[in-house]
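Residue numbering restarts at 1 for every chain, and letters A, B, ... go by the order of the sequence lines.
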Number of protein chains: 2
Amino acid sequence: MNYSRQREKILDVLTRNAVHPTADELLEFLQRENSNIGITTLYRNLNQLAEAGMIKKIDGLEPSAHFDHNTFNHYHFICEECKKVYDVPSDIAPELINNVRMATGFEIKSHDIVFHGICNKCKQKERK
Amino acid sequence: MNYSRQREKILDVLTRNAVHPTADELLEFLQRENSNIGITTLYRNLNQLAEAGMIKKIDGLEPSAHFDHNTFNHYHFICEECKKVYDVPSDIAPELINNVRMATGFEIKSHDIVFHGICNKCKQKERK
DNA sequence: CCTCAAATTGATAACTATTGTCAGTTTATC
DNA sequence: GATAAACTGACAATAGTTATCAATTTGAGG
């Protein structure tokens, strides 16, 4: 993978905006910083970076993929109210992979967990 | 929800073809049994049935949603080789929800786990 | 530096999965 | 049987994402 100004900028903006943005949201962030990067280039780079393990692509949050600069093993929670995506630490399911191996015999290469519910901020608001 | 011939047929075919089909695959199954149901009707019913809790919509298997007649609490595994979707029993992560509640304080309404890897059949084939 | 192949960009077009529209049909209730 | 509400399905539209490809940029070697 060669260097490119655009890829560096994308990685930079994604890291500074740790809100699990979609491609569209990232494009906005970039434009706000006067980085006009083509949407094709953005998608191409996001996929390349994910492929290379430098970022994470979060599926399961239809209708569009979100992207995460945090490549540390962890899970995600999306609030049904404010739609914000939160990180969930991976130690909530310590024996998961082992248990699946035992139960199925399959070779597990990766896994993702998505939780849906109401976050604390939105629980507060509802109480008022 | 009123009765409809189409909805009954969709539920019937989905139940008999327990392979977690996509909407397109379901359409094929239906056509094979000479049930020509419009794609709009199919999607509308799948969403209604999922809404009503009579089937499950499986997100996170891009690029398209899969559907599952099994509404029992369970998870999914997709084989990177043959692309088949398998069920994974839910008892592999017994304390999951509690642990997330403890870690985050969030109200968890639902969650999904998707495992990626190689299934036993494909492991066999690779050995040859 | 200069050259050159390989990698990258981005405008445009294309594709795919899914949903909106709406007139005509079916269902259920009285 | 009449009537309102639910449902169908052809068609058009939308949204997210990828393919195409000529022009530009990058990096390794001479």
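For A:His66, the ring pair (Phe, Tyr, Trp, His ring centres under 6.0 Å) test picks out no residue, with sequence neighbours left out. In this structure, A:Arg44 has no side-chain hydrogen bond (donor to acceptor under 3.5 Å, both in side chains) partners at least two apart in sequence or on a different chain. Scored by the salt bridge (Lys or Arg N to Asp or Glu O under 4.0 Å) test, B:Arg32 finds B:Glu28 as partners (sequence neighbours excluded). Applying the side-chain hydrogen bond (donor to acceptor under 3.5 Å, both in side chains) rule to A:Glu33 yields the partners A:Lys9, A:Arg16; only residues at least two apart in sequence or on another chain are considered. Not counting sequence neighbours, the partners of A:His69 by the side-chain contact (heavy atoms from CB on, under 4.5 Å) test are A:Leu14, A:Thr15, A:Ala18. Residues satisfying the salt bridge (Lys or Arg N to Asp or Glu O under 4.0 Å) criterion with B:Glu8, sequence neighbours excluded, are absent altogether.
At the phosphate of D:dT8, OP1 or OP2 sits under 4.0 Å from a side-chain N or O atom of B:Asn45. An OP1 or OP2 oxygen of C:dG10 is reached within less than 4.0 angstrom by a side-chain nitrogen or oxygen of A:Gln6.
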Detail all sub-3.5 Å separations between protein N/O atoms and N/O atoms belonging to nucleotides 26-30 of chain C.
{"residue": "C:dA28", "atom": "OP1", "partner": "B:Tyr3", "partner atom": "N", "Å": "3.4"}

Any N/O pairs under 3.5 Å between the protein and nucleotides 3-5 of chain C? List them or say none.
none

Distances under 3.5 Å between nitrogen or oxygen atoms of protein and nucleotides 11-20 of chain C:
{"residue": "C:dA11", "atom": "N6", "partner": "A:Thr40", "partner atom": "OG1", "Å": "3.3"}
{"residue": "C:dT12", "atom": "O4", "partner": "A:Thr40", "partner atom": "OG1", "Å": "3.1"}
{"residue": "C:dT18", "atom": "OP1", "partner": "B:Ala65", "partner atom": "N", "Å": "3.0"}
{"residue": "C:dT18", "atom": "OP2", "partner": "B:Tyr43", "partner atom": "OH", "Å": "2.5"}
{"residue": "C:dT19", "atom": "OP2", "partner": "B:Asn47", "partner atom": "ND2", "Å": "3.0"}
{"residue": "C:dG20", "atom": "O6", "partner": "B:Thr40", "partner atom": "OG1", "Å": "3.3"}

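Taking atom CD on A:Gln48 and atom C1' on C:dT9, their separation rounds to 11 Å, with Å as the unit. Atom CG of A:Leu27 and atom P of D:dT17 are 12 Å apart (whole Å). A straight line from CG of B:Asn36 to C1' of D:dA10 spans 13 Å, rounded to a whole angstrom. Between A:Leu46 atom CG and C:dT8 atom C1' the separation is 15 Å, expressed in whole Å. If you take CG of A:Leu30 and C1' of C:dG10, they are 14 Å apart, rounded to a whole angstrom. The interatomic distance linking A:Arg7 (CZ) with C:dG10 (P) rounds to 12 Å, in whole Å. Distance CG (B:Asp59) to C1' (D:dG16): 14 Å, rounded to an integer number of Å.
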Listed pairs under 3.5 Å, donor-acceptor, residues 88-97 of chain A side chains, sequence neighbours left out:
{"residue": "A:Ser90", "atom": "OG", "partner": "A:Asn73", "partner atom": "O", "Å": "3.2"}
{"residue": "A:Glu95", "atom": "OE1", "partner": "A:Asn98", "partner atom": "ND2", "Å": "3.4"}

Side-chain atoms of residues 105-113 of chain B: list all donor-acceptor pairs with protein atoms under 3.5 Å, sequence neighbours left out, distances to 0.1 Å.
{"residue": "B:His111", "atom": "NE2", "partner": "B:Tyr75", "partner atom": "OH", "Å": "2.8"}

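One distance of note links CZ of B:Arg7 with CZ of B:Arg5; it measures 12.5 Å at 0.5 Å rounding.
Checking each of A:Glu25, A:Lys56, A:Lys57 against A:Phe67 for a side-chain contact (heavy atoms from CB on, under 4.5 Å) leaves exactly one that passes, namely A:Lys57.
Grouping Ile, Leu, Val, Met, Phe, Trp and Tyr residues whose side-chain heavy atoms lie under 4.5 Å apart, directly or via other members, leaves A:Phe72 alone, with no other cluster members.
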